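Notes for the one structure printed next.
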Amino acid sequence: MDSSRQPLLKVENLTKRYLIKKGFFSKNYFTAVNNVSFELNTGQVLGLVGESGSGKSTIGKLILNLIKPDEGRILYNGIDITNNLSKDLRREISIIFQDPRTSLNPRFKIYDILEEPLIVHNIPKNERKDIVVKTIKSVELDETFLDRYPHELSGGQRQRVAIARAIILNPKLIIADEPTSALDVTVQLQIVNLLERLKNEKNISFIFISHDLNVVGKLSDYIVVLYKGKIMEKGVKSDIIENPLHPYTKILFESLPPHHPKYKKTIISIMEQDDESFDGCEFYNRCPIKKDECKTKPNYKNINGREVYCHFV
Ligand SMILES: Nc1ncnc2c1ncn2[C@@H]1O[C@H](COP(=O)(O)OP(=O)(O)OP(=O)(O)O)[C@@H](O)[C@H]1O
Ligand SMILES: [Mg+2]
């Protein structure tokens with residue numbers, strides 16, 4: 001394969017199981033990520049959508065090597081990083097977390113928070129200040145913020161600092177794990193616009209994790225819909241938004257208006273307990289169109305380049 005054409009990130013058949021101890025002698029495994037594959041090209045945004053507990057953050061942690069998969073591999077520019085992300089490549093992949101109140105060290109001033117990754121990656125001392133100042137300005141905050149502590153900032157300003165820290169080493173890939181969920185709706189939009197501008201200016205690729213379909217729809221080129229760790233549907237953003245095919249995607253995209261206050265609550269309350277002996281489609285319990293065939297697992301169907309996990313599409 002021509003190396004210039006290979007995807008920036010390729011996730012192949014990734015599976016992660018967590019050990020759940022049920023009693024003194026009994027052990028059980030819970031599959032948080034189930035045979036997940038996707039690709040991301042340079043400069044593109046992949047939106048990872050699914051309700052709470054569907055495995056979105058686990059996929060982010062696997063890519064960052066914070067946890068190890070049970071099966072599958074992760075290729076970055078064709079290099080296998082599944083179990084050994086080198087320090088040099090680690091520099092190219094960064095993360096923005098949901099809640100900047102907990103992701104920024106409260107005892108550090110903003111200057112120190114931004115300087116820290118530069119120190120870790122041996123950027124010479126005489127270059128650091130310029131980089132810190134340039135970066136804080138690029139997230140639309142002025143230099144006076146550098147002398148403040150995180151608690152002296154608003155939620156939106158703190159998230160701008162978290163973004164500044166994520167971009168300070170010029171990453172090629174950012175995993176943004178619900179970066180706007182903790183913010184007011186108007187501030188969410190500002191942060192989305194900022195991320196979009198940075199993506200375009202710096203050609204950064206994103207994995208954008210969110211429940212918020214408005215956000216995913218605005219930024220993503222490609223969408224992966226997850227349910228119980230399994231991909232239900234994946235494809236080009238416009239195909240999925242204009243014509244969702246999987247019944248779960250339809251529920252996510254049609255039944256609840258974006259920003260509806262009950263949105264998160266509803267999707268959590270309709271989660272159900274699994275019958276562990278059931279070996280059919282993972283979506284069976286919730287599916288509005290289930291039939292007897294669904295007691296066996298479907299195969300992925302390729303429909304005009306889109307993959308859908310359902311017997312009836
Ligand atoms: N260390 C762990 N041990 C056991 N189970 C875990 C562990 N970490 C996550 N899980 C489980 O794996 C599943 C997926 O978790 P994950 O955090 O990836 O979900 P998510 O899609 O990011 O959810 P949310 O939208 O709430 O952030 C959940 O059911 C969670 O309880
Ligand atoms: Mg999460």
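The basis for the numbers below is simple: all heavy atoms, side chains too, and nothing from hydrogens, waters or symmetry mates. One-based numbering, in listed order, for ligands and for the atoms of each. All residue numbers refer to positions in the sequence shown, counting from 1. The shown structure was predicted, so the numbers you read here are calculated from the model rather than taken from an experiment.
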Out of curiosity, is [X] lining ligand 1, as in a heavy atom under 4.0 Å away?
X: E178; value: yes
X: G50; value: no
X: Q98; value: no

Discussion item. Tell me whether the Mg ion (ligand 2) has S57 as a neighbour, meaning an N, O or S atom of it below 2.8 Å.
Written reply: yes
Worksheet item: With side chains defined as the heavy atoms from C-beta onward, is the minimum distance between I251 and F283 less than 4.5 Å?
Response: yes
Discussion item. Quick check: do K228 and N34 have side-chain heavy atoms less than 4.5 Å from each other?
Written reply: no
Worksheet item: Does R148 offer a backbone N or O that forms a donor-acceptor pair with the side chain of K109 under 3.5 Å?
Response: no
Worksheet item: Hey, is the main chain of N13 close enough, under 3.5 Å, to the side chain of S37 for a donor-acceptor pair?
Response: yes
Provide the number and element of each atom of ligand 1 under 4.0 Å from a heavy atom of [X].
X: S57; result: 17 (O), 18 (O), 20 (P), 22 (O), 27 (O)
X: S54; result: 19 (O), 21 (O)
X: T58; result: 14 (C), 15 (O), 16 (P), 18 (O)
X: H211; result: 25 (O)

Worksheet item: Does any N or O atom in G53 lie less than 3.5 angstrom from one in ligand 1, N or O only?
Response: yes
Worksheet item: Does F30 reach ligand 1 with a nitrogen or oxygen that is under 3.5 Å from one of the ligand's nitrogen or oxygen atoms?
Response: no
Worksheet item: If you measure only the distance, is there a donor-acceptor pair under 3.5 Å linking the side chains of D184 and T186?
Response: no
Worksheet item: For the residue pair H246 and Y248, does the interplanar ring angle fall in the parallel (under 30°), tilted (30 to 60°) or perpendicular (over 60°) class?
Response: perpendicular
Worksheet item: Given the rule in the ring pair (Phe, Tyr, Trp, His ring centres under 6.0 Å) test, do Y284 and F278 qualify, once you have shown the distances and angles that lead to the verdict?
Response: CA-CA 9 Å; Y284 186 84; F278 182 70; 4.8 Å; yes
